[in-house]
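Below is one structure, written out as structure tokens; the observations come after it.
All residue numbers refer to positions in the sequence shown, counting from 1. As a basis for the values below, the full set of heavy atoms in this structure was taken, side chains included, without hydrogen atoms, waters or symmetry mates.
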Amino acid sequence: QVQLVESGGGLVQAGGSLRLSCAASGSIFSINAMGWHRQAPGKQRELVATITSGGVTNYADSVKGRFTISRDNAKNTVYLQMNSLKPEDTALYYCAADISLTAWAPAGDYWGQGTQVTVSS
């Protein structure tokens, strides 16, 4: 089985920073794209940022210039450095990864349980 475990969430004042981590573990052959999504109360889940295995990144317009996604392939871990946080960044942040369990099986999407980020004004 594959597990994605997020950490690093918490309560921070507006303008502050947090760093989220997400480690994938289990019977993993390879990890393709990894990313972060978030869901605020009463809103749909939205994409925050993604990163390919080769390091190509993509960001939602709302976080460009403030958030940075990175990954450590040796540790099967993806990070999200969040700076200049705003109250509207408050949400449950989920890690997701496109993982192949064997060399011949198609990749599948796996999700973590989420970590809460709360930004106070």
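Among residue pairs with one or both ends in residues 103-121, none qualify as salt bridge (charged side-chain N to carboxylate O under 4.0 Å, His left out); sequence neighbours excluded. Listed by first and then second residue, the ring pair (Phe, Tyr, Trp, His ring centres under 6.0 Å) pairs that reach into residues 19-53 are His37-Trp111, sequence neighbours excluded. Listed by first and then second residue, the salt bridge (charged side-chain N to carboxylate O under 4.0 Å, His left out) pairs involving residues 4-23 amount to none (not counting sequence neighbours). Applying the ring pair (Phe, Tyr, Trp, His ring centres under 6.0 Å) definition to pairs two or more places apart or across chains, none involves residues 39-85. Within the structure, no pair that satisfies the salt bridge (charged side-chain N to carboxylate O under 4.0 Å, His left out) test touches residues 67-76, not counting sequence neighbours. Applying the disulfide (SG to SG under 2.5 Å) test to every pair with at least one member in residues 58-114, sequence neighbours left out, gives these pairs: Cys22-Cys95.
In this structure Asn58 satisfies the side chain to side chain donor-acceptor pair (under 3.5 Å) test with no other residue, sequence neighbours excluded. In this structure, Gln39 has no side chain to side chain donor-acceptor pair (under 3.5 Å) partners at least two apart in sequence or on a different chain. Under the rule for a salt bridge (charged side-chain N to carboxylate O under 4.0 Å, His left out), Lys43 has no partner lying at least two apart in sequence or in another chain. Considering only residues two or more places apart in sequence or on other chains, Gln116 meets the side chain to side chain donor-acceptor pair (under 3.5 Å) condition with Thr118. Considering only residues two or more places apart in sequence or on other chains, Val2 meets the side-chain contact (heavy atoms from CB on, under 4.5 Å) condition with Leu4, Ile28, Ile99, Leu101, Tyr110.
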Could you list the donor-acceptor pairs under 3.5 angstrom formed between side-chain atoms of residues 46-57 and any protein atom two or more places apart in sequence or on another chain?
{"from": "Glu46", "atom 1": "OE2", "to": "Arg38", "atom 2": "NE", "distance (Å)": "2.6"}
{"from": "Glu46", "atom 1": "OE2", "to": "Arg38", "atom 2": "NH2", "distance (Å)": "3.2"}
{"from": "Thr52", "atom 1": "OG1", "to": "Gly54", "atom 2": "N", "distance (Å)": "3.2"}
{"from": "Thr52", "atom 1": "OG1", "to": "Gly55", "atom 2": "N", "distance (Å)": "3.3"}
{"from": "Thr52", "atom 1": "OG1", "to": "Val56", "atom 2": "N", "distance (Å)": "3.0"}

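Atom CD of Gln81 is separated from atom OG of Ser17 by 5.5 Å, given to the nearest 0.5 angstrom. If you take OG1 on Thr115 and CG on Leu80, they are separated by 11.0 Å, rounding to the nearest 0.5 Å. Summarising the geometry, atom CG belonging to Asn76 is positioned 3.5 Å from atom CD1 belonging to Ile31; distances are rounded to the nearest 0.5 Å.
Ion pairing between a basic and an acidic side chain is recognised when a charged N comes within 4.0 Å of a carboxylate O; Asp89 and Lys86 show no such pairing.
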